[in-house]
Amino acid sequence: MSRSIRTLGALAACTVAATIGLTGCGGDDAATTGGSAAAGGSAPVKVGLITKTETNPFFVKMKEGAQAAAKAEGAELMTAAGKFDGDNAGQITAIENMVAAGVKGILITPSDSKAIVPAIQKARSAGVMVIALDSPTEPQDATDALFATDNLKAGQLIGEYAKAAMAGKPAKIATLDLAPGVAVGQLRHDGFLKGFGVAEGDPSVVCSQDTGGDQAKGQTAMENCLQKAPDINLVYTINEPAALGAYTALKAKGREKDVLIVSVDGGCTGTKAVQSGQIAATSQQYPLKMADQGVKAVVAFGKGGAKASGYTDTGVTLITDKPAAGVDAKDTAFGLQNCWG
């Protein structure tokens with residue numbers, strides 16, 4: 001979560017160019033949802049959406065939400081995404097191209113919460129409202145507003161659940177994290193520790209590995225942790241792909257039934273994994289809601305309204321079919337009705 005920066009920059013540039021009708025770029029990475037000019041002759045408000053990738057189901061659903069909102073609001077939506085999670089250079093190029101195209105606002109899920117800030121500051125100086133979705137920048141007020149899950153709370157919920165589910169049994173914890181420099185990963189990790197009631201560096205955390213939120217890397221990370229500490233009995237993962245990778249590694253060792261796995265995201269695949277018992281519980285978040293509210297905020301600003309500001313919590317729900325005493329949760333029937341992907 002390195003590849004050729006030149007290639008990634010070109011990808012983002014082509015994506016944005018395609019959305020505004022320019023030629024010379026191939027591929028199908030761009031999408032446009034446009035409204036026709038209003039009766040008074042005014043042009044539709046242009047809204048930019050920049051996600052981390054085009055392939056992650058979370059961002060696919062976010063894009064769908066933005067497209068639906070843009071259509072309903074009569075706005076023109078421009079989209080761009082990095083080729084992989086962590087493509088800061090591609091996101092910078094996308095911001096620059098969207099500003100040049102005349103967007104009123106940009107919705108962005110920052111791949112690097114610190115490195116993207118100078119590009120965001122330039123966009124805001126040009127009069128463009130910038131809203132972070134899902135992941136805050138560092139500092140958070142580098143954007144005009146943040147529409148996101150409370151990722152600290154998401155982690156805390158599964159930490160509290162894990163503590164209750166362990167029922168006093170001494171924990172040997174593996175944390176399968178995201179990557180350095182990504183706020184959402186750190187917040188979920190910190191929240192899990194807070195919910196479980198241990199501090200960073202506590203000896204009960206016997207292994208920590210980065211996975212980039214990838215299933216194959218999650219499997220490798222779990223294999224490494226089992227080599228280091230074969231008696232692990234609790235696994236926290238940054239997301240459900242990493243959780244399923246961990247489950248595969250545990251199953252290969254015959255440990256899948258005696259290790260508790262908890263996660264965050266609430267995608268449909270992950271929720272089904274909770275239903276089947278591969279994952280004990282997950283904290284579900286709502287990307288469609290983030291995008292819908294973000295597009296509406298940009299349209300309001302573009303029509304003369306005030307800029308959005310501050311933090312808007314788009315909600316999180318603990319999903320499990322094995323509830324633990326004292327921890328509020330919904331079952332997988334609810335989770336499947338509200339999942340994404």
Side-chain angles (χ1 to χ4, degrees), residues 35 42-52 58-59 61-63 65-70 72-80 88 91-92 94-156 181-188 190-191 285-316:
S42 60
V45 174
K46 292 182 179 179
V47 183
L49 172 67
I50 304 170
T51 54
K52 295 179 182 180
F58 184 87
F59 301 121
K61 180 57 67 174
M62 182 176 283
K63 183 175 175 179
Q67 289 170 331
E73 296 290 327
E76 179 181 344
L77 180 68
M78 305 177 180
T79 66
N88 184 65
Q91 290 197 324
I92 290 172
I95 289 173
E96 293 170 347
N97 281 281
M98 286 182 176
V99 171
V103 298
K104 289 295 185 180
I106 294 173
L107 312 173
I108 184 169
T109 61
S111 281
D112 189 313
S113 54
K114 292 181 179 179
I116 197 65
V117 167
I120 289 174
Q121 289 174 334
K122 288 181 181 179
R124 293 179 70 188
S125 295
V128 176
M129 180 172 69
V130 181
I131 298 174
L133 302 182
D134 181 49
S135 305
T137 52
E138 293 184 48
Q140 185 172 310
D141 63 5
T143 55
D144 290 285
L146 168 66
F147 292 179
T149 305
D150 183 337
N151 281 292
L152 186 71
K153 181 180 178 181
Q156 185 172 346
V182 184
V184 62
Q186 191 62 53
L187 286 166
R188 292 180 185 185
D190 292 347
Q285 54 180 338
Y286 306 103
L288 191 150
K289 185 182 293 187
M290 297 175 198
D292 177 78
Q293 294 182 2
V295 168
K296 289 176 180 176
V298 173
V299 171
F301 170 64
K303 292 181 177 179
K307 287 184 176 180
S309 62
Y311 168 58
T312 298
D313 184 353
T314 53
V316 62

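Computed from a predicted structure; not experimentally measured.
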Might you point out which heavy atoms bring [X] and [Y] nearest each other, and give the distance in Å?
{"X": "A291", "Y": "M62", "answer": "CB-O, 3.1 Å"}
{"X": "P287", "Y": "K61", "answer": "CG-CG, 4.0 Å"}
{"X": "S113", "Y": "A183", "answer": "OG-N, 3.7 Å"}
{"X": "A66", "Y": "L49", "answer": "CB-CD2, 3.8 Å"}
{"X": "P110", "Y": "P136", "answer": "CG-O, 4.1 Å"}

Donor-acceptor under 3.5 Å ([X] side chain, [Y] main chain):
{"X": "Q91", "Y": "S111", "answer": "yes"}
{"X": "T109", "Y": "K52", "answer": "yes"}
{"X": "K153", "Y": "V316", "answer": "no"}

Spacing of [atom1] belonging to [X] relative to [atom2] belonging to [Y], to within rounding of 0.5 Å:
{"X": "N151", "Y": "S135", "atom1": "CG", "atom2": "OG", "value": "6.5 Å"}
{"X": "D313", "Y": "T149", "atom1": "CG", "atom2": "OG1", "value": "7.5 Å"}
{"X": "L288", "Y": "K63", "atom1": "CG", "atom2": "NZ", "value": "14.0 Å"}
{"X": "R124", "Y": "K307", "atom1": "CZ", "atom2": "NZ", "value": "6.5 Å"}
{"X": "I131", "Y": "Q293", "atom1": "CD1", "atom2": "CD", "value": "10.0 Å"}
{"X": "T314", "Y": "F147", "atom1": "OG1", "atom2": "CZ", "value": "9.5 Å"}

Any side-chain heavy atom of [X] sitting closer than 4.5 Å to one from [Y]?
{"X": "E73", "Y": "V298", "value": "no"}
{"X": "K46", "Y": "E76", "value": "yes"}
{"X": "I95", "Y": "I116", "value": "yes"}

With sequence neighbours excluded, tell me which residues meet side-chain contact (heavy atoms from CB on, under 4.5 Å) with E96.
I92
Among I106, V128, T137, side-chain contact (heavy atoms from CB on, under 4.5 Å) partner for I120:
T137
Among V103, V47, V45, which residue meets the side-chain contact (heavy atoms from CB on, under 4.5 Å) test with L77?
V47
Residues Y311, D150; criterion side-chain contact (heavy atoms from CB on, under 4.5 Å); working and verdict
CA-CA 9 Å; Y311 168 58; D150 183 337; 3.4 Å; yes
Tell me whether the count of non-hydrogen atoms from other residues, nucleotides or ligands lying under 6.0 Å of NZ in K296 goes above 12.
no
M98 vs I108, test: side-chain contact (heavy atoms from CB on, under 4.5 Å). Steps then yes/no.
CA-CA 12 Å; M98 286 182 176; I108 184 169; over 6 Å; no
Under the side-chain contact (heavy atoms from CB on, under 4.5 Å) criterion, do Q285 and D134 qualify, and how do the steps go?
CA-CA 9 Å; Q285 54 180 338; D134 181 49; 3.3 Å; yes
